[in-house]
Amino acid sequence: MDDVQRLVKRHQSIGKISTAFIYGILVSIAMNFFWTPGHIYSSGITGLAQIVTTVTERHMTFVVSTALGLFLLNVPLFVLAWRQIGHNFTVYTVIAVFLASLMIKLLHPVHLTTDPIICALFGGAVNGFGTGLALKNGISTGGLDILGIVIRRKTGRSIGTINIAFNSLIILAAGFLYGWPHAFYSAIGLVVNARVMDMTYTRQQLMQVMIITDRPKTVIDSIQNHIRRGITIVHDAEGAYHHDTKTILFTVISRYEMPDLEEAMDEADSSAFVSVSEIYKVLGHFYEPKL
């Protein structure tokens with residue numbers, strides 16, 4: 001059994017490192033093919049690294065490259081993650097950020113276009129897909145992700161306000177450094193980045209599931225074998241058409257778990273009525289897998 005577990009962990013590690021490599025390539029494409037030629041700033045620490053590069057180019061005798069700045073600015077957050085989140089999480093985060101920095105350095109800029117709108121749209125889309133892919137495979141891309149996890153664990157609150165404030169400062173910096181049209185283009189890029197990331201990374205999107213079945217025990221066992229979720233049971237429901245007795249089951253899952261739910265229902269009761277709807281907010285305990 002230990003050999004099997006070691007084999008599974010090794011497979012997972014290879015998968016995560018491979019995903020980190022793909023993420024590094026995608027963020028370097030966004031940076032070198034679109035953002036840099038179009039004078040567009042990214043969000044979070046990546047955007048801050050771009051600002052540091054621009055300022056040192058214009059006002060210093062030395063230049064801190066975006067690749068180097070991205071890694072150095074993340075170092076304090078690596079320490080925070082190591083102490084507050086977990087060693088395994090931190091190791092993969094360091095790998096992801098290092099590969100992103102390395103690929104930005106190695107992949108030389110290609111000026112496909114300098115049109116700021118095209119650069120904002122495509123840069124945001126490529127980076128958003130890469131970030132979402134990394135998060136979907138359990139890898140943090142560093143930066144404000146780490147701060148967000150720590151704050152959520154300590155206070156139960158999200159980092160939304162801090163994130164908005166930080167990115168607003170980056171947009172203002174874009175305006176001062178490249179002109180206000182570029183600030184608005186950078187804002188467009190941030191929106192595209194966020195939308196594509198949400199489309200790719202579905203683990204944080206919650207869904208309410210209502211199941212009407214006459215085989216409740218089989219359905220519950222099947223779902224809980226596939227997904228770690230609690231289920232609320234409403235007994236003695238009645239179907240209006242045949243007036244037969246039904247049981248209603250309620251649970252909340254992430255969109256990421258939808259394929260597992262569908263597989264569980266096919267195994268347990270393929271004729272059950274299942275309704276799935278998006279949730280705006282959940283209060284109380286909701287299990288999230290540890291990173």
Side-chain angles (χ1 to χ4, degrees), residues 8 11-12 15-16 19 85-86 88-89 128-141 145 148-160 163 191-291:
V8 170
H11 177 74
Q12 290 174 340
K16 286 186 175 183
T19 302
I85 301 176
N88 192 56
F89 170 88
F129 178 74
T131 304
L133 185 67
L135 293 172
K136 188 174 183 178
N137 286 275
I139 302 173
S140 166
T141 57
D145 291 348
I149 293 169
V150 173
I151 290 175
R152 189 172 73 240
R153 287 187 176 182
K154 293 290 185 182
T155 68
R157 297 182 179 180
S158 72
I159 195 178
N163 214 328
V191 172
V192 172
N193 180 82
R195 291 295 297 169
V196 174
M197 186 173 67
D198 284 344
M199 290 169 60
T200 308
Y201 176 57
T202 57
R203 194 184 296 273
Q204 86 284 15
Q205 299 173 19
L206 303 184
M207 317 292 291
Q208 178 177 280
V209 180
M210 181 183 70
I211 303 167
I212 302 175
T213 179
D214 52 12
R215 303 173 62 189
K217 187 178 185 309
T218 305
V219 171
I220 291 170
D221 290 343
S222 182
I223 291 175
Q224 292 186 330
N225 283 335
H226 286 78
I227 312 169
R228 182 177 172 178
R229 293 294 168 213
I231 299 174
T232 299
I233 308 170
V234 180
H235 293 290
D236 301 325
E238 181 181 344
Y241 191 72
H242 292 293
H243 298 283
D244 47 354
T245 301
K246 298 284 185 180
T247 300
I248 303 176
L249 308 176
F250 288 98
T251 189
V252 175
I253 65 173
S254 67
R255 189 182 292 274
Y256 180 79
E257 295 167 324
M258 274 299 298
D260 293 325
L261 175 71
E262 292 172 359
E263 184 178 343
M265 292 307 303
D266 285 339
E267 292 176 1
D269 186 1
S270 58
S271 63
F273 179 82
V274 182
S275 173
V276 182
S277 57
E278 293 186 2
I279 293 177
Y280 172 70
K281 189 174 185 179
V282 170
L283 302 177
H285 177 70
F286 180 79
Y287 170 75
E288 293 185 56
K290 292 189 178 295
L291 297 167

Seminar exercise, completed: Heavy atoms of V196 and F129 approach each other most closely as CG1-N, 3.4 Å
Seminar exercise, completed: Looking only at heavy atoms, the pair that brings M265 and V274 closest together is CE-CG2, 3.9 Å
For this session: Could you list the residues that satisfy side-chain hydrogen bond (donor to acceptor under 3.5 Å, both in side chains) with T141, not counting sequence neighbours?
Result: D145
Seminar exercise, completed: For E238, the salt bridge (charged side-chain N to carboxylate O under 4.0 Å, His left out) test, sequence neighbours excluded, returns none
Seminar exercise, completed: One should read off an interatomic distance between I279 CD1 and I253 CD1, to the nearest 0.5 angstrom, of 9.0 Å
Check residues 206-225 and write down every donor-acceptor pair under 3.5 Å in which the side-chain atom is one partner and the other belongs to a residue at least two apart or another chain.
from: T213; atom 1: OG1; to: R215; atom 2: N; distance (Å): 2.9
from: T213; atom 1: OG1; to: D269; atom 2: OD2; distance (Å): 2.5
from: R215; atom 1: NH1; to: A268; atom 2: O; distance (Å): 2.9
from: R215; atom 1: NH2; to: A268; atom 2: O; distance (Å): 3.4
from: K217; atom 1: NZ; to: D221; atom 2: OD2; distance (Å): 3.0
from: S222; atom 1: OG; to: A264; atom 2: O; distance (Å): 2.9
from: Q224; atom 1: NE2; to: R229; atom 2: O; distance (Å): 3.1
from: N225; atom 1: ND2; to: D221; atom 2: O; distance (Å): 3.0

For this session: Output yes when a side-chain donor or acceptor of T251 lies under 3.5 Å from a complementary backbone atom of G230, and no otherwise.
Result: yes
Exercise. Who passes side chain to side chain contact (heavy atoms under 4.5 Å, CB included) against H235, sequence neighbours left out?
Worked result: I233, T247
